[in-house]
Amino acid sequence: AKGRAVIHASVTIPKAVPIELSSDFPECQIAIRKIVCQQLRNVEFYGKQDPYVTLKFCDFKYTSTAIQDAGDHAVWDDILCKILVDKALVEDKKLSVSVYDDNTMRKDILIGSGQVSLLPVAAAEGEEVEIALDLEGGAGRILIYAAAVDKPADVSQLVDEATALK
C-alpha cells in the first residue's frame with residue numbers, strides 16, 4: 001500500500017523595515033548610471049524589438065536611446081542622468097519608468113511601465129544601489145543602478161567607476 005506523508009511547515013516572512021531619512025537630510029542629486037531591462041514582453045510583429053526607456057520624476061524627464069534588435073534584454077550602461085531631490089520629494093514621489101518599442105512605420109508601442117521609490121538610493125548615502133522593478137502585467141523587469149551624490153565631483157567618480165567596470 002502506498003502512503004502519503006504530510007509535512008506541516010510555517011514560514012515567517014519578516015516585515016520590510018521602513019526606510020527613514022534623517023530630519024536634516026540635505027538636498028542632493030540621484031545619479032542614475034545604468035538601466036537593465038530583462039525578460040521584456042515581445043510586442044514586435046516582425047523581428048526583434050528595439051526598446052528604449054523613459055524616466056519621469058516631477059519635472060525631470062529622461063529618454064534613453066533605442067537599442068536596435070535588442071529583443072527581450074537591453075542594457076544602457078553609458079547614461080548619467082541626475083535628479084535633484086530633497087527629503088519631501090524622495091519620501092512622497094516615485095520614479096515613473098516606461099519601456100517602449102521604437103518603430104519607424106507606426107507609433108511606438110508601450111512594452112510595460114511601473115513606479116519605484118528613490119528612498120533606498122537616498123538612504124544609502126552615496127553607495128550605489130540596485131533598484132528592481134517588475135513591470136505591470138508581467139511585461140518584464142528593470143534594474144536601475146543609482147547613487148545619491150551631492151557634488152559634481154561625486155558624479156565624476158561614478159563615471160570613473162563605470163568606466164573601470166567595463
Q: Between T65 and W76, which heavy-atom pair has the shortest distance, and what is it?
A: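 Shortest heavy-atom separation between T65 and W76 comes out as O-NE1, 2.8 Å.
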
Q: For F57 versus L89, what's the shortest heavy-atom pair and its separation?
A: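 So the two residues come closest at CZ-O, 3.8 Å.
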
Q: Is the shortest distance from a Lys or Arg side-chain nitrogen in K34 or E128 to a carboxylate oxygen in the other one below 4.0 Å?
A: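 No.
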
Q: Say whether V97 and L143 are linked into one hydrophobic cluster, either directly or through other cluster members, by side-chain heavy-atom distances under 4.5 angstrom.
A: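 Different hydrophobic clusters.
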
Q: Under the criterion side chain to side chain contact (heavy atoms under 4.5 Å, CB included), I'd like the reasoning laid out for L84 against E27: C-alpha separation, chi angles, the key distance, then a yes or no.
A: CA-CA 7 Å; L84 188 61; E27 186 175 78; 3.8 Å; yes

Q: Closest heavy-atom contact between L40 and Q49?
A: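 Closest approach of L40 to Q49, heavy atoms only: CB-NE2, 3.6 Å.
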
Q: Any idea which heavy atoms bring G126 and A147 closest together, and the distance?
A: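 Heavy atoms of G126 and A147 come nearest at O-CB, 3.8 Å.
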
Q: Within a 6.0 Å radius of atom CG on D59, are there more than 12 heavy atoms belonging to other residues, nucleotides or ligands?
A: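 It does not: D59 CG has 12 such atoms or fewer within range.
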
Q: For L133 and G114, which heavy atoms make the closest approach, and how far apart are they?
A: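 It is CD2-C, 3.9 Å.
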
Q: Answer with yes or no whether the hydrophobic clustering places V53 together with I131; edges join I, L, V, M, F, W, Y residues whose side-chain heavy atoms lie under 4.5 Å apart.
A: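 The answer is yes; both residues are in one hydrophobic cluster.
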
Q: If you measure from CZ on R141 to CG on D72, what distance do you get to the nearest 0.5 Å?
A: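 Result: 14.5 Å between the selected atoms.
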
Q: Roughly how far apart are K87 NZ and D92 CG, rounded to 0.5 Å?
A: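 Answer for the NZ-CG pair, K87 versus D92, is 9.0 Å.
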
Q: Examine V36 and I30 and state if one hydrophobic cluster contains both, with Ile, Leu, Val, Met, Phe, Trp and Tyr joined whenever side-chain heavy atoms are less than 4.5 Å apart.
A: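 As far as the 4.5 Å side-chain criterion goes, I30 and V36 are not connected within one cluster.
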
Q: Mind checking whether L110 and L95 sit in one hydrophobic cluster, side chains of I, L, V, M, F, W, Y counted as touching below 4.5 Å?
A: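 Different clusters.
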
Q: Rounded to the nearest 0.5 Å, what separates atom CD1 in I35 from atom OH in Y62?
A: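 Spacing of CD1 (I35) from OH (Y62) equals 6.0 Å.
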
Q: OH of Y100 to OG of S113: how many Å apart, nearest 0.5 Å?
A: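 Between atom OH of Y100 and atom OG of S113 there are 7.0 Å.
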
Q: Out of curiosity, does I142 fall in the hydrophobic cluster containing F60 (side-chain heavy atoms, cut-off under 4.5 Å, transitive links)?
A: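 Yes, because F60 and I142 connect within a single hydrophobic cluster, where side-chain heavy atoms sit under 4.5 Å apart.
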
Q: Using a 3.5 Å distance criterion without hydrogens, assess whether the side chain of D50 forms a donor-acceptor pair with backbone atoms of D69.
A: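 Flag set: sc D50 to bb D69 pair under 3.5 Å.
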
Q: Do NZ/NE/NH1/NH2 and the carboxylate oxygens of K48 and E44 come within less than 4.0 Å?
A: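 Not counted as a salt bridge, because no side-chain N and carboxylate O are separated by less than 4.0 Å.
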
Q: Measuring from atom CD1 of I111 to atom CG of L135, what distance do you get when rounded to the nearest 0.5 angstrom?
A: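 Here the rounded value is 8.5 Å.
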
Q: With a 6.0 Å cut-off (strictly less than), is the heavy-atom count around CD of E125, excluding the residue itself, greater than 12?
A: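 Not more than 12 within 6.0 Å, no.
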
Q: To the nearest 0.5 Å, what is the distance between CD1 (I79) and OG (S64)?
A: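 Here the interatomic distance stands at 7.5 Å.
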
Q: Got a sec: does the CD of Q39 have more than 12 other heavy atoms crowding it under 6.0 Å?
A: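 Open: at most 12 neighbouring heavy atoms sit under 6.0 Å from CD of Q39.
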
Q: Determine yes or no for a side-chain-to-main-chain donor-acceptor pair under 3.5 angstrom, with R33 supplying the side chain and L80 the backbone.
A: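 Pair absent, no side-chain N/O of R33 close to backbone of L80.
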
Q: Between A148 and C28, which heavy-atom pair has the shortest distance, and what is it?
A: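 That closest heavy-atom pairing would be CB-SG, 4.1 Å.
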
